[in-house]
There are 2 protein chains.
Amino acid sequence: MPATLRDVAEYAQVSMRTVSNVVSGYTHVSERMRKHVLQAIDELGYRPNPVARTLRTGRTGMLAFVVPEIDVPYFSALARDVIDAAAEVGYRVMIDQTGHDHDHERDLLTGNDRTMLFDGILFSPLVTKAELLEMNSPTQMPLVLLGEHEFDGRYDHVAIDNVRAAYDAVRHLLDTGRTRVAAIGAQPLEEYATPQQRTVGYELALREVGIEPEQRYARPAAHYSRADGYGAAVELLALDVRPDAIFCFSDLLAMGAMRAVFDAGLSVPQDVAIIGIDNIEEGRFSRPSLSTISLDTSFIAEQAIARVTARIETPDLRPRQIVAPHTLRIRESTASIER
Amino acid sequence: MPATLRDVAEYAQVSMRTVSNVVSGYTHVSERMRKHVLQAIDELGYRPNPVARTLRTGRTGMLAFVVPEIDVPYFSALARDVIDAAAEVGYRVMIDQTGHDHDHERDLLTGNDRTMLFDGILFSPLVTKAELLEMNSPTQMPLVLLGEHEFDGRYDHVAIDNVRAAYDAVRHLLDTGRTRVAAIGAQPLEEYATPQQRTVGYELALREVGIEPEQRYARPAAHYSRADGYGAAVELLALDVRPDAIFCFSDLLAMGAMRAVFDAGLSVPQDVAIIGIDNIEEGRFSRPSLSTISLDTSFIAEQAIARVTARIETPDLRPRQIVAPHTLRIRESTASIER
DNA sequence: TCTACTGTTTGCAACGATAGCAAAGTTGCG
DNA sequence: CGCAACTTTGCTATCGTTGCAAACAGTAGA
């Protein structure tokens with residue numbers, strides 16, 4: 001049974017209020033009293049109960065970082081930056097994995113769950129646009145969306161310019177002399193904004209050099225996993241006119257695609273160039289190393305934290321859309337080939 | 001301002017007590033009344049405040065999964081299984097990254113921090129043995145250690161047999177005809193149990209076939225990262241008598257080591273065989289694919305959850321040490337070579 | 001010496017939900 | 001009609017902490 005504030009007060013022969021003042025660093029406490037109380041605290045091994053404190057103050061000092069799958073390298077890398085950025089401003093971050101579970105996401109947003117344990121939420125959404133719109137309203141929990149951009153201004157967002165990022169990637173492939181550029185990661189459902197936008201960028205770059213996008217070169221991928229990348233690439237390589245480059249919507253897809261190329265007895269980048277998006281560390285050590293679009297995750301994290309903390313202080317801020325920078329990282333997987 | 005129990009009671013014209021009975025599924029409530037109250041709850045959008053409930057009942061329904069770095073694939077994969085296993089028994093899991101920060105770990109264990117927000121902790125520790133022993137005592141928070149085994153029976157553990165796992169890995173290298181087997185991952189500080197035990201297994205396997213372990217073939221690694229694996233492998237390859245196999249204490253080290261071998265103009269497995277531990281997905285898609293010791297993470301997760309929930313119910317259980325199975329996964333990186 | 005003021009300390013209530021208890025009201029059954 | 005079982009209620013206490021305002025002490029100025 002841990003010691004409470006009351007125990008300390010009785011033990012030190014002072015009022016609970018004074019003990020509380022000492023604990024929370026209230027200014028008007030004499031040095032003598034402070035010492036006295038601190039000693040009592042120490043002797044009883046007292047620790048403030050954060051639950052009680054939260055009930056009273058309404059603040060938990062914790063943020064939730066919600067992702068579909070924490071074992072996706074991009075998310076875990078981002079999580080790390082988010083945790084660091086939050087620590088800078090005195091918040092702790094708990095990671096919550098929704099696991100492609102719409103119900104779980106809905107619970108979070110509707111406050112069905114333990115949401116009130118957090119002061120704010122950073123959310124990398126999976127659910128559809130329309131659904132999201134109505135959800136957060138009942139709780140009014142400060143919320144910042146990461147990675148999605150196409151919601152109509154009702155929430156704060158931090159994300160890259162997906163159209164531009166895809167354009168830059170494909171443009172790079174074209175610049176190295178490839179002409180049959182395939183894509184992996186398109187989504188049939190139009191509720192998912194990110195793949196939509198990346199598809200737009202992909203087609204834009206192709207058309208700009210006079211190439212009409214071909215339907216059969218655009219393969220869907222359900223989960224942005226290595227396995228999906230592998231499977232999609234196998235299909236692409238089986239086409240009668242094989243692509244000479246593949247733009248993958250994520251590095252993980254690209255890792256799978258690379259392996260599929262090798263298993264087909266072909267070579268990256270000689271036969272097929274490959275580029276991804278995310279700049280995960282795995283791609284720097286792979287063979288060949290993976291060209292990619294690098295997202296500035298620490299920028300994203302810092303902006304998101306700044307935004308959510310601002311909204312905690314001032315709930316009625318106007319929502320802002322923040323665009324994070326991205327840069328092309330050219331590595332071995334898209335090396336130019338002389339013919 | 002969210003609705004409270006009192007609001008619901010007033011709105012439905014019933015007592016708070018009755019509302020509480022409905023919410024918590026008390027038996028003696030008529031069907032009519034239940035419907036009536038539920039409707040009021042729905043109309044007001046009432047959600048029980050988990051903080052208040054926790055303060056009253058002492059239960060949060062949440063577990064903390066504490067890891068040094070969430071962006072280490074092994075940890076994020078384990079996190080996933082832990083979350084699933086916990087969901088099975090009605091608990092939610094929050095991931096807490098300590099980031100090699102001893103203070104943070106200490107805070108958690110001493111209850112300095114927000115520990116009381118959780119009913120129990122699953123802990124993949126970083127701190128030294130001696131420190132750990134004293135820490136948890138003040139809080140008595142149910143605690144299960146993952147991945148470490150050498151603490152003297154004061155806590156529940158779930159971990160593989162590290163000596164045996166290392167032995168199996170090295171034995172496999174020897175079986176494929178390699179004789180100069182190096183290791184990456186030893187730790188100079190003896191407080192870290194896992195590397196110690198893996199070193200023991202490594203040396204055991206060597207001696208068993210009459211090879212005396214050489215100091216220069218055992219390289220330390222501070223962080224079990226790709227970069228550390230790369231650096232250590234570069235050093236090994238620069239030796240006048242180059243090793244023909246490398247046993248890495250983690251798959252991540254192995255990925256770095258593989259890249260170092262290629263950068264030195266050599267080949268895996270022809271010139272140097274490489275094996276790791278963890279069986280991360282990355283190693284199934286890498287080129288060559290990585291032989292490894294596979295840990296049964298879902299077993300680890302299930303056992304850990306079973307243990308911590310049991311301890312939540314019955315705090316005075318005798319600590320148990322649970323050994324998780326491991327299996328050798330032979331892939332391309334240790335293929336036999338004919339000479 | 002008395003007032004004014006700053007600085008310290010305290011008592012009470014409240015945060016929102018739960019639990020125990022006893023009593024009051026309702027219904028069913030013989 | 002009376003008794004028992006079932007429902008519903010009001011009241012009060014509790015979890016541990018902090019906000020508010022008042023009370024108290026001590027010192028300086030008039």
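Order of the sequence lines fixes the chain letters, A, B, ..., with proteins taken first and strands second; residue numbering starts at 1 for each chain.
- Rounding to whole angstrom units, CZ of residue B/Arg34 and P of D/dT7 are separated by 10 Å.
- For the pair A/Asp7 CG and D/dT17 P, the computed distance is 9 Å after rounding to whole Å.
- Side-chain contact between A/Pro68 and A/Phe75 is present, with at least one heavy-atom pair separated by less than 4.5 Å.
- Straight-line distance from the CD atom of A/Glu10 to the C1' atom of C/dT10: 15 Å, rounded to whole Å.
- The phosphate of C/dG16 (OP1 or OP2) has no side-chain N or O of B/Thr4 nearer than 4.0 angstrom.
- Between B/Arg53 and C/dT18 there is a side-chain polar atom (N or O) within less than 4.0 angstrom of OP1 or OP2.
- When heavy atoms are screened at a 4.0 angstrom cut-off, A/Thr18 is found touching base atoms of the nucleic acid.
- Between the C1' atom of C/dC15 and the CZ atom of A/Arg59 lies a distance of 15 Å, rounded to the nearest Å.
- Atom pair B/Ile41:CD1 and C/dG16:C1' shows a separation of 14 Å (rounding to whole Å applied).
- Scanning all heavy atoms of the two residues, the minimum distance from B/Ala304 to B/Leu122 falls at O-CD2, 4.0 Å.
- Over its length, the helix from C/dT1-D/dA30 to C/dG30-D/dC1 turns its helix axis by 50°, as judged from the five terminal pairs at each end, rounded to 10°.
- Of the two residues contacting DNA chain D, namely B/Arg56 and B/Ser15, the nearest-nucleotide position lying further toward the 5' end is that of B/Ser15.
- When the P atom of C/dT18 is taken as reference, atom CG of A/Leu55 falls 12 Å away, rounded to whole Å.
- Atom P of nucleotide C/dC21 and atom CG of B/Asn21 are separated by 15 Å, given to the nearest angstrom.
- With hydrogens and angles ignored, no donor-acceptor pair under 3.5 angstrom links the side chain of B/Arg6 to the base of C/dA17.
- The interatomic distance linking B/Met16 (CE) with C/dG20 (C1') rounds to 15 Å, in whole Å.
- Looking only at atom types and distance, the side chain of A/Thr314 has no donor-acceptor partner in the side chain of A/Asp316 under 3.5 Å away.
- Within the 4.5 Å cutoff, side-chain heavy atoms of A/Met94 are placed close to those of B/Asp96.
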